[in-house]
Protein chains: 2
Amino acid sequence: MGSRLQESGYRLTQPRRAVIRALTEANDWLRPEEVLALARPYWRPLGLVTVYRTVSLLTELGYLKRVHLEERCVGYVRSDLVHGHHLLCRTCHQAVEFPGTEDLAPLVNRISQDTGFRVEHHLLELVGLCPSCQ
Amino acid sequence: MGSRLQESGYRLTQPRRAVIRALTEANDWLRPEEVLALARPYWRPLGLVTVYRTVSLLTELGYLKRVHLEERCVGYVRSDLVHGHHLLCRTCHQAVEFPGTEDLAPLVNRISQDTGFRVEHHLLELVGLCPSCQ
DNA sequence: CAGTTTATTGAAAATATTTTTCACTTAGGT
DNA sequence: ACCTAAGTGAAAAATATTTTCAATAAACTG
Ligand SMILES: [Zn+2]
Ligand SMILES: [Zn+2]
Ligand SMILES: [Zn+2]
Ligand SMILES: [Zn+2]
């Protein structure tokens with residue numbers, strides 16, 4: 001993730017390294033404040049502002065995705081964990097990518113044709129309770 | 001929408017009437033501020049706080065749905081316009097419900113069985129450009 | 001390996017969004 | 001008409017996010 005940042009023309013700085021390291025270790029979605037807490041051990045002077053800037057950048061570059069829950073929409077997950085089709089646990093926050101996402105492509109294509117919309121991206125999010133939280 | 005508010009045990013007040021009237025006339029998603037602007041002609045003293053309270057109430061009761069876009073998640077649409085499966089135009093803000101949503105039920109059921117999650121609700125949102133905005 | 005340039009940083013302030021508090025009002029029942 | 005609890009709006013508080021700006025440090029140059 002870091003090396004690709006550089007390939008895209010951005011500098012690989014200490015704060016960015018710390019944020020990326022924290023995100024790499026996390027296997028669920030995080031709020032900016034949580035990212036800060038997890039990344040600080042790797043770079044003490046890290047500020048929340050830089051976390052905001054870094055998660056935005058990583059989202060633009062496609063390495064993170066925003067997460068949408070009923071109450072709030074302030075979370076981010078690594079793209080490799082969610083793939084745009086995901087299952088979120090309402091209580092323990094885990095994000096599970098589910099298999100069989102190809103099922104959606106024909107639906108999207110059909111809708112695109114029927115309506116004339118040019119569909120740029122989509123979001124399929126199932127929210128509920130994971131087995132252990134039930 | 002108003003009469004059903006009463007059936008649910010809530011009072012049908014002037015501010016609520018104004019908000020509902022505004023929402024009934026709008027055919028796209030609105031932010032709280034926009035709801036306020038559209039509803040004020042029908043009830044001058046209307047405050048933003050009451051708009052927030054009313055859209056939350058209407059969302060709980062199922063008459064509105066929150067809308068999630070890339071940048072912001074501060075919009076609401078009438079449920080009859082979106083049905084949980086919708087197409088949003090990134091520029092003109094129109095929300096179009098699309099047909100053939102039953103396609104999704106088997107997918108949701110299968111995922112539910114495969115993963116053990118109890119799926120409580122879902123969101124399928126396609127974002128792009130409508131024919132006239134392309 | 002300096003020296004230079006320019007992106008990036010963090011603190012503070014500004015802005016934006018949403019919720020809480022509370023005294024006052026009003027819908028709807030008696 | 002009267003009563004009572006639900007509902008209201010202004011202001012303040014709480015949250016969340018962005019902007020500003022002087023200082024710093026990547027990455028490039030010679
Ligand atoms: Zn959202
Ligand atoms: Zn869980
Ligand atoms: Zn459009
Ligand atoms: Zn459905």
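In this text the structure is predicted, and so the values were computed from the model without any measurement. Order of the sequence lines fixes the chain letters, A, B, ..., with proteins taken first and strands second; residue numbering starts at 1 for each chain.
For B/Val74 and B/Leu12, each mapped to the nucleotide of DNA chain C holding its nearest heavy atom, the one lying further toward the 5' end belongs to B/Val74. Nearer the 5' end of DNA chain D, as judged by each residue's closest nucleotide, is the contact made by B/Tyr10, out of B/Tyr10 and B/Arg72. Toward the 5′ end of DNA chain C lies the nearest nucleotide of A/Pro45, the other residue of the pair A/Pro45 and B/Arg66 mapping further downstream.
When the C1' atom of D/dA27 is taken as reference, atom CD of A/Glu7 falls 16 Å away, rounded to whole Å. As rounded to whole Å, 15 Å separates atom P of D/dG7 from atom CG of B/Leu46. Here C/dA7 presents its C1' atom at 8 Å from CZ of A/Arg16, a figure rounded to the nearest Å. Following rounding to the nearest Å, B/Leu57 (CG) and C/dT19 (C1') show an atom-to-atom distance of 16 Å.
Applying the 3.5 Å distance criterion, the base of C/dA7 shares a donor-acceptor pair with the side chain of A/Arg11.
At a threshold of 4.0 angstrom between heavy atoms, the contacts of B/Gln14 are confined to the sugar-phosphate backbone, with no base atom among them. Within the nucleic acid shown, B/Arg44 has no heavy atom closer than 4.0 Å to any nucleic acid atom.
Here the side chain of A/Arg78 pairs a donor or acceptor atom with the backbone of A/Leu23 at under 3.5 angstrom. With hydrogens and angles ignored, the 3.5 Å screen pairs a side-chain donor or acceptor of A/Gln134 with a backbone N or O of B/Gly116. In this structure, the side chain of B/Ser112 does not engage the main chain of B/Arg118 through any donor-acceptor pair within 3.5 Å. No donor-acceptor pair under 3.5 Å is formed between the side chain of B/Thr59 and the backbone N or O of B/Lys65.
Under the 3.5 Å distance criterion, with hydrogens and angles disregarded, no donor-acceptor pair is assigned to the side chains of A/Glu34 and A/Tyr76.
Within residues 47-56 of chain A, the residues that have a heavy atom under 4.0 Å from DNA chain C are, in order of number, A/Gly47, A/Val49, A/Thr50, A/Arg53. Residues from residues 36-43 of chain A with heavy atoms under 4.0 angstrom of DNA chain D: there are none.
Closest non-hydrogen pair, A/Cys130 versus A/Cys89, comes out as N-SG, 3.5 Å. The two residues A/Leu46 and A/Pro15 come nearest to each other via the heavy atoms CD1-CB, 3.8 Å.
Note on A/Thr13: a side-chain N or O is less than 4.0 Å away from OP1 or OP2 of C/dT9.
At least one side-chain heavy atom of B/Leu57 sits less than 4.5 Å from a side-chain heavy atom of B/Arg16.
Hydrophobic clustering, with ILVMFWY side chains joined whenever heavy atoms are under 4.5 angstrom apart, groups A/Leu126 together with A/Val108.
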